[in-house]
There are 2 protein chains.
Amino acid sequence: MTSVLRMTEQRRIILEELRKLRTHPTANEVYEIVRRRLPRISLGTVYRNLEILSETGMILKLEMAGTQKRFDGKTENHYHVRCLGCGRVDDVAIEPISLIDSALDGVSDYRIVWHRLEFMGFCPKCQFNMNGVLKNNSKDYLGNNH
Amino acid sequence: MTSVLRMTEQRRIILEELRKLRTHPTANEVYEIVRRRLPRISLGTVYRNLEILSETGMILKLEMAGTQKRFDGKTENHYHVRCLGCGRVDDVAIEPISLIDSALDGVSDYRIVWHRLEFMGFCPKCQFNMNGVLKNNSKDYLGNNH
DNA sequence: CTAACTGCAAAGGTTTTGCTTCTGG
DNA sequence: CCAGAAGCAAAACCTTTGCAGTTAG
């Protein structure tokens, strides 16, 4: 019934690279990185492995603001902060607030399992670069990717 | 410099329909709905208007878990709850917790502007239907759309 | 051995864009 | 009027899939 996972070289290297990174790459970024070690790997293989690795819980699939899925080698539940200027995503060094899950008790019919909290703001670099730019880029406020 | 927005019939009807809905349709769903009143409207026009309306703040663009963008005629900042079973998205009837924005004070270099909080759980219908299904669909837990 | 996996290429689905015509103000 | 918008179709993206050959265990 349950199929046996094989640790192929491709899968192992994808996992290794993902765990090295502090960023949250898209599938294509993973492909570019892994390709430096495995020049003949295909993008399809990267997609298939990211899918499988996240199904098994070995990595995290982040489906956040923006169109492209991003992946994270860190699997503990944690929060992210996204820069409204450049789209950069960082981890946040605070513990998940489990109290939040009960905020809907008695308010909603849903049975809450967990929550996703994403902070939106400006990274240090963009705070520096963004004098007067903001009003012309209002669309970026809602989470465009780049 | 700043271009003048025209309230065309297409734009007005998109806005009207979006404000009527309690759901959070995708661009294509908006297209299907609006088409009942404007059979000749094109999908491209719907996309362009959803983009413009969200830039001006008349609607909200939700770029959440899952691939497709969804849109919301309600513009006040509010939270959403997403069903892990069927992908349905509902509004949550609690006030945004502004205290959350200061959770990163002293922890992160980012200047936080706002936050997005999304609850994940099971809607009443899926709670009912989901006896024993869960373990076989573990991939759905991370936010797949359907 | 053989089920799981890979590379490749093609298909699918969503969103954007170029172009010509039309229209709101 | 005429800048902004619409319709249409093609292009651009991102992701998934079918298939034939390869490989981990």
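Per chain, numbering begins at 1; letters A, B, ... match sequence-line order. None of these values were measured; they are calculated from a predicted model.
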A.B. asks: Applying side chain to side chain donor-acceptor pair (under 3.5 Å) between A:Glu16 and each of A:Arg12, A:Arg19, A:Lys20, report the one that passes.
C.D. replies: A:Arg12
A.B. asks: With nearest nucleotides of DNA chain C determined for A:Thr45 and B:Gly44 from heavy-atom distances, which residue corresponds to the more 5′ nucleotide?
C.D. replies: A:Thr45
A.B. asks: For A:His115 together with B:Tyr79, are the ring centres under 6.0 Å from each other?
C.D. replies: no
A.B. asks: Quick one: list whatever passes side-chain hydrogen bond (donor to acceptor under 3.5 Å, both in side chains) with A:Asp109, sequence neighbours left out.
C.D. replies: none
A.B. asks: Base, sugar-phosphate, or nothing for A:Arg11, non-hydrogen atoms under 4.0 angstrom?
C.D. replies: sugar-phosphate
A.B. asks: Can you measure B:Gln10 atom CD to C:dT23 atom C1' for me and round it to whole angstrom units?
C.D. replies: 10 Å
A.B. asks: At their closest point, which heavy atom of A:Gln10 faces which heavy atom of A:Leu38, and how far apart are they?
C.D. replies: CA-CD1, 3.7 Å
A.B. asks: Are OP1 or OP2 of C:dG24 and a side-chain N or O of B:Arg12 less than 4.0 angstrom apart?
C.D. replies: no
A.B. asks: Compare the minimum distances between each of C:dG7, D:dA6, C:dC5 and the side chain of B:Thr8, then state the nucleotide with the smallest one.
C.D. replies: D:dA6
A.B. asks: Considering only D:dA6, C:dT14, D:dT15, which nucleotide approaches the side chain of A:Ala27 most closely?
C.D. replies: D:dT15
A.B. asks: Can you figure out which of C:dG25, D:dA5, D:dG7 approaches the side chain of B:Ser42 most closely?
C.D. replies: D:dG7
A.B. asks: Identify whether B:Leu18 and B:Ile52 are in the same connected component of the hydrophobic contact network (ILVMFWY, side-chain heavy atoms under 4.5 Å).
C.D. replies: no
A.B. asks: Measure from CD1 on B:Ile41 to P on C:dC22 and round the result to the nearest Å.
C.D. replies: 18 Å
A.B. asks: Between the protein and nucleotides 20-23 of chain D, are there any N/O to N/O pairs under 3.5 Å, and if so, what are the atom names and distances?
C.D. replies:
unit_1, atom_1, unit_2, atom_2, d
D:dT23, O2, A:Arg6, NH1, 2.9

